[in-house]
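When reading the values below, keep in mind they use all heavy atoms of this one structure, side chains included, and skip hydrogens, waters and symmetry mates.
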Amino acid sequence: MSEQAATAAEPAPREGAGFAMSDRGWFIGAGMSLTWIIPSLFTVWRQPTMLDIVPTLLMFVFGGAFIVTVPVMRRLPPGAARVGPAAVLFGLSLTLIPWLGADVRWLWTFVGVALAVSRMSRAILWIALLVLACLTFAVGVWDDTDVGTSALNAAVILSVSVMMATLTSNISTLARLRAAQNQVADLAAERERSRVARDVHDILGHSLTVITVKAELAGRLLDAGSPAARDEIAQIEQLARGALADVRTTVHGYRGVSISGELAAARAALESAGVSADLPGTTEQVPADRRELAGWVVREAVTNVIRHSGAGVCRVRLDGRSIEVADDGRGPSSAASTGSGLTGLRERVETAGARLLIGRSDLGGFNVKVTW
C-alpha cells in the first residue's frame, strides 16, 4: 500500500466541504494500490463467462468503494460506525465468490487496510485483523491451497494492515504535535504581548506622570516669570526622550531596570511633585538577582504615590529579603488596589517567585511591600 494513503490520519475537513484538499493524498495512494486488483481481474476474465460484464463491474465498484473509504470514514462520528466502510468492502468482496471462488480472499487485503485506517480502539482493531487473517488462512486451506501459500496470504493481509495502522497512528500523532506546537506558539505570543503591554504601561505611566507634574510646575514658574521654568522645560524634554527610548527598547526586549537608577529617578520625581523623599542611601543589600524586580517596585509604587496618594512623604526601605514603599497619603482603596499598574506589578512579582503585600502603612497612607 502507498504511504500516501496514511494521510487518512489528518484532521477531518469541515462538514459540507465535500472531498477536501487533504483527501487527495489518500486518493492517489489508494488508486495506486488498486493495481493489486489486476490479478483478480485476470482470474475473472479467464472464466467461461469472461464476456459477462457483471463481475467486471463488481470489481470496479469494489475499487471505487475502497477509494472513498477514508473520506467517508472522516465524516462519520467516532466509534463503531467507522467500521461500516470496511464491512461494506467485505460484503462487496463476497459478491465476487461466483467468479473468484476462494481467491476472493486476496481482496481482503483492502478490507484490512480499511480497518487499519478506521482509527478504532487498538484492542478491537487487533481482534478484527486477527479474525480476518484467520479467516483468510481457513478459506485457503478449505480450498486445498497448500498451507504455506495460505499462511503467506494471511501474513500479507496482517502485515500490510498493521503497517497502515502504525503509519496512520504516527501521522495522527504528528498532527496532534503540530497542533500542540501551534498552541504553544500562540500562548508564547500572547504572553509576549502581555509582557510588552505591561512594560509599556509601567514605563509610560511613570514617565508621563513625572512629565505632567513638571509641566504643571513649569507653567506656574512661567506665570511667575521665574527663570527656573526653562530648566523644568528642559527636564521635561529629557524625560520625554528617555520614555521614548525606553518604549523602543522594551518592544525589542532589551531594556533592563536597576534599583539604583529607579531610586535616583524617584527622588527627582518626588521632589518635582513636592513630596519629601526618604530613600535609602545604598542598594548593596539587595541580591543581584532581585535588583531588577526591586527597581520595578520602586517605579510603580512611586508613580502611584505621585499620581493618587496626595502624600507629603514617601519612604522606601530595602533589605536582603524585601523592599517596602510607604507614604502618608490617603491610604489604600479598592480602586487603587486593583489598578492596572499594581496588577502588572503583581504579575511581575509572582513570575519572579516573590510575594506582593498591599495595605496601610505606619505613616497612615499606602504601603507596598514585596518579599522574596
ILVMFWY cluster, [X] and [Y] together (side-chain gap under 4.5 Å):
X: Ile97; Y: Val88; value: yes
X: Leu107; Y: Val61; value: yes
X: Leu94; Y: Leu92; value: yes
X: Leu115; Y: Leu130; value: yes
X: Val302; Y: Leu363; value: no

Within the side chain of [X], is there an N or O that forms a donor-acceptor pair under 3.5 Å with the backbone of [Y]?
X: Arg290; Y: Ala352; answer: yes
X: Ser159; Y: Val156; answer: yes
X: Asp327; Y: Phe366; answer: yes

Minimum heavy-atom distance between [X] and [Y], given as atom pair plus value:
X: Lys369; Y: Asn367; value: CB-ND2, 3.9 Å
X: Val139; Y: Arg105; value: CG1-CD, 4.2 Å
X: Ala311; Y: Val305; value: CB-CG1, 4.3 Å
X: Leu89; Y: Ala65; value: CD2-CB, 3.8 Å
X: Val298; Y: Ala266; value: CG1-CB, 4.0 Å

Within this structure, what is the [atom1]-[atom2] distance for the pair [X] and [Y], rounded to the nearest 0.5 Å?
X: Cys314; Y: Glu271; atom1: SG; atom2: CD; result: 11.5 Å
X: Asp328; Y: Ser361; atom1: CG; atom2: OG; result: 7.5 Å
X: Ile323; Y: Leu263; atom1: CD1; atom2: CG; result: 6.5 Å
X: Gln285; Y: Leu318; atom1: CD; atom2: CG; result: 5.5 Å
X: Leu357; Y: Glu324; atom1: CG; atom2: CD; result: 9.5 Å
X: Cys134; Y: Leu158; atom1: SG; atom2: CG; result: 9.0 Å

Checklist entry - Does CH2 in Trp372 sit with more than 12 non-hydrogen atoms of other residues, nucleotides or ligands closer than 6.0 Å? => result yes
Checklist entry - So with a 6.0 Å cut-off around CZ of Arg355, is the heavy-atom count from everything else above 12? => result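 For Arg355, atom CZ is not crowded (no more than 12 foreign heavy atoms under 6.0 Å).
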Checklist entry - Salt-bridged, Asp362 to Arg315, with N to O below 4.0 Å? => result yes
Checklist entry - Less than 4.0 Å between a side-chain N and a carboxylate O, is that true for Glu262 and Arg299? => result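 Result for this pair is yes, salt bridge flagged.
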Checklist entry - So among Phe62, Phe110, Trp108, which one has a ring-ring contact (aromatic ring centres under 6.0 Å, His included) with Phe90? => result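 By the ring-ring contact (aromatic ring centres under 6.0 Å, His included) criterion, Phe90 pairs with just one of Phe62, Phe110, Trp108: Trp108.
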Checklist entry - Can you find a pair of side-chain heavy atoms, one from Leu132 and one from Val111, that are under 4.5 Å apart? => result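 Heavy-atom side-chain distance check passes, below 4.5 Å.
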Item to check | Heavy-atom side-chain contact between Val368 and Leu356 under 4.5 Å | outcome: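 Heavy-atom side-chain distance check passes, below 4.5 Å.
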Checklist entry - Given Leu345 and Val297, is the side-chain contact (heavy atoms from CB on, under 4.5 Å) satisfied, shown in steps? => result CA-CA 7 Å; Leu345 179 61; Val297 174; 4.1 Å; yes
Next on the checklist: Looking only at the side chains, is there a donor atom on one of Asn170 and Thr173 sitting less than 3.5 Å from an acceptor on the other?
Outcome noted: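 There is no such pair (donor and acceptor under 3.5 Å, judged by atom type) between the side chains of Asn170 and Thr173.
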Next on the checklist: Just by distance, no angles: are the side chains of Arg346 and Thr343 close enough, under 3.5 Å, to form a donor-acceptor pair?
Outcome noted: no
Item to check | side-chain contact (heavy atoms from CB on, under 4.5 Å) between Val162 and Trp126, intermediate numbers included | outcome: CA-CA 9 Å; Val162 170; Trp126 272 106; 3.7 Å; yes
Next on the checklist: Working note: Arg321 + Thr371, criterion side-chain contact (heavy atoms from CB on, under 4.5 Å); need CA distance, chi angles, decisive distance, verdict.
Outcome noted: CA-CA 6 Å; Arg321 300 295 301 277; Thr371 59; 6.0 Å; no
